[in-house]
Participant: 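So that we are looking at the same thing, I have put the structure below in structure tokens.
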Amino acid sequence: MTTTAIPHRPLRALARDALRGAWDRAVASGALPPTKPDTDLPAIEVERPANPAHGDIATSLGLKLARPYRRAPLEIARALAAELERAEAPGGGTLFASVEVAPPGFVNLRFADAALEAVVAAVLDQPAGWGRVHAAKPLKANVEFVSANPTGPLHIGNARGAFVGDLLCRVLEAGGHHATREYYFNDFGAQVRNLGASVVAIRAGQAVPEDGYRGAYVHDLVAALPSDLAAEADRDPDAASWTVGRWASEQVRRGIEASLAHLGVHFDVWKTESSLHDEGWVARAVARLRESGHVYEEGGATWFRSTAFGDDKDRVIYKSNGDPTYFAADIGYVTEKFSRGFDHLVYIWGADHHGTVARLQNAAQAMGFDRAAVEVLLIAWVRFVRDGVEASMSKRAGEFITLDELLAEIGVDSARWFFASRAPTTGIDFDIELAKRQSNENPVYYVQYAHARIASILRKAAENGFERAIDVRGALAGASEAALVRALVRFPEVVEDAAAARETQGVTTFATDLATTFHAFYRDARVIDPDEPERTRARLALVRATQVTLANALALLGISAPESM
RNA sequence: GCGCCCGUAGCUCAGUGGAUAGAGCGUCAGGUUGCGGACCUGAAGGUCGUGGGUUCGAGUCCCGCCGGGCGCGCCA
């Protein structure tokens, strides 16, 4: 990989630096007053204006400084503008082509062509790194998601958590962090035994127990039962429930892993609840809490004093019968995760678990961990509907649509885009029939089409001898070209924002915008023209950079970028 | 009752406290003698649930109310 003197930082960050420098110089020159120690000063921020007439980037610092400085916003803006005009681009030359003061106190900035061209050159030089940014404080994050107990195949109710978790990991990684994908499941509880009992009962031709499982997959398990387990089931049905349950659970777990692989989701770690007990993590965590006085006994049970941290009630760790609660394992798991060197834990839970967030963070705090390092993202419910009728999702009753069935109907790319483009906290209606009918109109195809169209142009370019003849110089000659460059250079900023917010809607919006801008460019600017080789080379540079950006944005979402479609 | 989340165009949803609130789908009217028409151009469509407050500036922050979802176990 070659390294050049090209800005790898987002342009927005360069603008922010320039603003900071301008402020300092304005103070140094006396144009703005020195800052008093105790004043509450605004953060140095720049923004991408919605209105193109307001430039590529803007700042409202003049307005925000008006109160602490006790001066007119416009006056401050003018002082900042005067210094911003001198701001230098990393590669030399000025960073801004124009600096304008606008009432009531904005400063609107337009990047110099050379600065924009330098970004395009960087994209072409290092396409794989385009859209990956450095984090100010890189996290070593553990992201736990899905974590459905292996008592049945994943159904469409698990879809959102699976996609959102994976998307979050991808976004964190692009944002300069490290993410480990972790799946946690119960391998010894009553549910496992009930699954085994269900298999045994069906094999014996008896009714499935009250709290058993009865989907078609249970019958598949019966048919696949190995001979030794089958013999045990026939000999001693009661005792076999456990062994058969463990076997069945592992079969189901493998099926889940395969389904997830089909979604493009691969876990780094599969962690069992039993291991947390067997390896002593739970006991040690409880001891740790006890030492610091956060545990007490009452009514034969062991309690965590969660109210000391603002919870509305204390929480049971060990029941009066001695069994640990789910919460007990959670506590042990926190210490186990931190012991592996993670400095940040992310839990992706369904919104119905919001009541358990406080106790987990309280326990982490009580054990001496940074409360803020335990982050819980609550995913809102998806209401699955078939032609207006809500689809029931009961694993026990065997009434559910599996993830595999859903994807066979609407496709992975389409499903990924659907979930990526919506805020995880927003409850959504998902009409499966509607999704099938509309799958051809899914916006994801709009973006993929732009990518395929570019691939076609580049093939044509090669046929005309322009294979390697790409030259960024003069690429911003026309209005369509300028608009395209201005659209694509924002990509790293979008990634930064996505990682910070733990959301991906910004990426889908960006990709759609870029595709739209490209289609307009395509309409206005003929790329390949053998009579205009220089212009062709310049436009090819833009087209290629656009393709890289679209491909990387789609890859960030785990979506394919087809060469043709 | 208490707590958390949500309420933006006909539908599904975007919108780090900034300037004239957007997209897709749907509806209506247009566009091919040239690199992919799965595309493009335009129009209609909004008291951002509601009433206050903070702010130079509120869809965004705070409080009340209305409506919807979810929690409030020695279940997981």
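Quick note: numbers below take in every heavy atom, side chains included, and nothing from hydrogens, waters or symmetry partners.
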Participant: Go through residues 44-57 of chain A and report each residue with a non-hydrogen atom lying under 4.0 Å from RNA chain B, sorted by number.
Facilitator: Val46(A), Glu47(A), Asn51(A), His54(A)
Participant: Set out, in order, the CA-CA distance, both residues' side-chain angles and the distance that settles side chain to side chain donor-acceptor pair (under 3.5 Å) for Glu100(A) and Asn108(A), then state yes or no.
Facilitator: CA-CA 5 Å; Glu100(A) 291 169 4; Asn108(A) 297 332; 5.2 Å; no
Participant: Quick one: which of G36(B), C40(B), C74(B) gets closest to the side chain of Ala301(A)?
Facilitator: C74(B)
Participant: Measure from CG on Asp497(A) to P on G15(B) and round the result to the nearest Å.
Facilitator: 11 Å
Participant: For residues Asp314(A) and Ser306(A), is any side-chain donor paired with an opposing acceptor at under 3.5 Å?
Facilitator: no
Participant: If pairing requires Watson-Crick or G-U wobble contacts with both distances under 3.5 Å, which nucleotide is the partner of C65(B)?
Facilitator: G49(B)
Participant: Does any non-hydrogen side-chain atom of Gln547(A) lie less than 4.5 Å from one of Leu550(A)?
Facilitator: no
Participant: Would you kindly give the CZ-to-P distance between Phe185(A) and A76(B), to the nearest whole Å?
Facilitator: 17 Å
Participant: Look through every strand shown and name the nucleotide pairing with C35(B) as Watson-Crick or G-U wobble, where both distances are under 3.5 Å.
Facilitator: none
Participant: Would you indicate, yes or no, if C40(B) has its OP1 or OP2 atom less than 4.0 angstrom from a side-chain nitrogen or oxygen of Tyr446(A)?
Facilitator: yes
Participant: How far, in whole Å, is G59(B) from U20(B) if one measures between their P atoms?
Facilitator: 11 Å
Participant: What protein N or O atoms touch nucleotides 65-71 of chain B N or O atoms at under 3.5 angstrom, if any, and at what distances?
Facilitator:
unit_1: C70(B); atom_1: O2; unit_2: His354(A); atom_2: NE2; d: 3.0

Participant: What N/O pairs connect the protein and nucleotides 12-14 of chain B at under 3.5 Å? Give each pair on its own line.
Facilitator:
unit_1: U12(B); atom_1: O2'; unit_2: Arg422(A); atom_2: NH2; d: 2.6
unit_1: C13(B); atom_1: OP1; unit_2: Asp429(A); atom_2: N; d: 2.7
unit_1: A14(B); atom_1: OP1; unit_2: Ala423(A); atom_2: N; d: 2.3
unit_1: A14(B); atom_1: OP1; unit_2: Thr426(A); atom_2: OG1; d: 3.4
unit_1: A14(B); atom_1: O2'; unit_2: Thr509(A); atom_2: OG1; d: 3.2

Participant: So for atom CD, which belongs to Glu297(A), do other residues, nucleotides or ligands contribute more than 12 heavy atoms lying within a distance under 6.0 Å?
Facilitator: yes
Participant: Nearest whole angstrom, please: distance from the C1' of A76(B) to the CD1 of Ile331(A).
Facilitator: 15 Å
Participant: Does one side chain, of Arg453(A) or His519(A), offer a donor that lies under 3.5 Å from an acceptor on the other?
Facilitator: yes
Participant: Say we look at U60(B) and C2(B): how far apart would their P atoms be, to the nearest angstrom?
Facilitator: 24 Å
Participant: Under 3.5 Å for both donor-acceptor distances, Watson-Crick or wobble: does G42(B) have a partner, and if so which one?
Facilitator: C28(B)
Participant: Counting heavy atoms from C-beta on, name the nucleotide in G24(B), C35(B), G36(B) closest to the side chain of Met565(A).
Facilitator: G36(B)
Participant: Which heavy-atom pair separates Leu360(A) from Phe327(A) by the least distance, and what is that distance?
Facilitator: N-CE1, 4.3 Å
Participant: With Asp56(A) as reference, evaluate Arg486(A), Arg48(A), Arg12(A) under the salt bridge (charged side-chain N to carboxylate O under 4.0 Å, His left out) test and give the passing residue.
Facilitator: Arg486(A)
Participant: Indicate, with a heavy-atom threshold strictly under 4.0 Å, whether Glu563(A) touches base, sugar-phosphate, or nothing.
Facilitator: base
Participant: So, does the side chain of Thr425(A) form a donor-acceptor pair with the base of C6(B) at under 3.5 Å?
Facilitator: no
Participant: Using purine N1 to pyrimidine N3 plus N6-O4 or O6-N4 for Watson-Crick, or N1-O2 and O6-N3 for G-U wobble, each under 3.5 Å, what pairs with A23(B)?
Facilitator: U12(B)
Participant: Touch check for Lys64(A), heavy atoms < 4.0 angstrom, all strands: base, sugar-phosphate only, or nothing?
Facilitator: base
Participant: Salt-bridged, Glu336(A) to Lys271(A), with N to O below 4.0 Å?
Facilitator: yes
Participant: Base, sugar-phosphate, or nothing: which does Pro104(A) touch, judged by heavy atoms less than 4.0 Å apart?
Facilitator: nothing
Participant: What distance, rounded to whole Å, do you find between the two P atoms, one in G7(B) and one in U41(B)?
Facilitator: 30 Å
Participant: Pick the nucleotide of RNA chain B nearest each of Pro443(A) and His519(A); which residue has the one closer to the 5' end?
Facilitator: Pro443(A)
Participant: Do Asp330(A) and A76(B) have a side chain to base donor-acceptor pair shorter than 3.5 Å?
Facilitator: no
Participant: So which nucleotide from A76(B), G18(B), G37(B) ends up closest to the side chain of Lys319(A)?
Facilitator: A76(B)
Participant: Could you tell me how far apart Arg193(A) (CZ) and A76(B) (P) are, to the nearest whole angstrom?
Facilitator: 13 Å
Participant: Distance alone, cut at 3.5 Å: any donor-acceptor contact between the side chains of Glu182(A) and Tyr347(A)?
Facilitator: no
Participant: Measuring only the C1' atom in each nucleotide, how far is U12(B) from U55(B)? A whole number of Å is fine.
Facilitator: 34 Å
Participant: With the threshold set at 4.0 Å, does a side-chain nitrogen-carboxylate oxygen contact exist between Asp413(A) and Arg416(A)?
Facilitator: no
Participant: Roughly how many Å apart are C11(B) and G26(B), using the P atom of each and rounding to a whole number?
Facilitator: 16 Å
Participant: With the side chain of Ala102(A) defined as its heavy atoms from C-beta on, choose the nearest nucleotide among G36(B), C40(B), A19(B).
Facilitator: A19(B)
Participant: If you measure only the distance, is there a donor-acceptor pair under 3.5 Å linking the side chains of Thr302(A) and Tyr296(A)?
Facilitator: no
Participant: Please state whether the phosphate of G37(B), meaning OP1 or OP2, lies under 4.0 angstrom from any side-chain nitrogen or oxygen of Tyr522(A).
Facilitator: yes
Participant: Whole angstroms only, please: what is the CZ-C1' distance between Arg523(A) and U32(B)?
Facilitator: 14 Å
Participant: Parallel, tilted or perpendicular for Phe521(A) and Phe518(A), by the 30°/60° rule?
Facilitator: tilted
Participant: Establish, with yes or no, whether the OP1 or OP2 oxygen of G18(B) is under 4.0 angstrom from a side-chain nitrogen or oxygen of Ser60(A).
Facilitator: no
Participant: For A21(B) versus G64(B), give the span between their C1' atoms, rounded off to a whole number of Å.
Facilitator: 26 Å
Participant: Any ion pair linking Arg502(A) and Glu375(A) (charged N to carboxylate O, less than 4.0 Å)?
Facilitator: yes
Participant: Can Arg422(A) be said to sit on top of Phe418(A)'s aromatic six-ring, NZ or CZ under 6.0 Å from centre and within 45° of the ring axis?
Facilitator: yes
Participant: Mind checking if Gly105(A) touches a base, just sugar-phosphate, or nothing, with heavy atoms under 4.0 Å?
Facilitator: nothing
Participant: Who is the Watson-Crick or G-U wobble partner of G3(B), with both distances under 3.5 Å?
Facilitator: C70(B)
Participant: In whole Å, what separates the C1' atom of G53(B) from that of G10(B)?
Facilitator: 34 Å
Participant: Ion pair present between Arg253(A) and Asp187(A), side-chain N to carboxylate O less than 4.0 angstrom?
Facilitator: no
Participant: Over all strands shown, is Ala525(A) touching base, sugar-phosphate only, or nothing at heavy-atom distances under 4.0 angstrom?
Facilitator: base
Participant: With heavy atoms under 4.0 Å as the rule, sort Arg526(A) into base, sugar-phosphate or nothing.
Facilitator: base
Participant: Using whole Å, report how far OH of Tyr296(A) lies from P of C74(B).
Facilitator: 11 Å
Participant: Which residue, Asn321(A) or Pro103(A), contacts RNA chain B at a nucleotide closer to its 5' end, judged by nearest heavy atom?
Facilitator: Pro103(A)
Participant: Closest heavy-atom contact between Ile348(A) and Leu168(A)?
Facilitator: CD1-CD2, 4.0 Å
Participant: Of all the nucleotides listed (C74(B), A76(B), G73(B)), which has the minimum atom distance to the side chain of Tyr326(A)?
Facilitator: A76(B)
Participant: If the P atom of G37(B) is compared with that of U32(B), how far apart are they to the nearest Å?
Facilitator: 13 Å
Participant: Pick base, sugar-phosphate or nothing for Asn186(A), based on heavy-atom distances below 4.0 Å to the nucleic acid.
Facilitator: sugar-phosphate
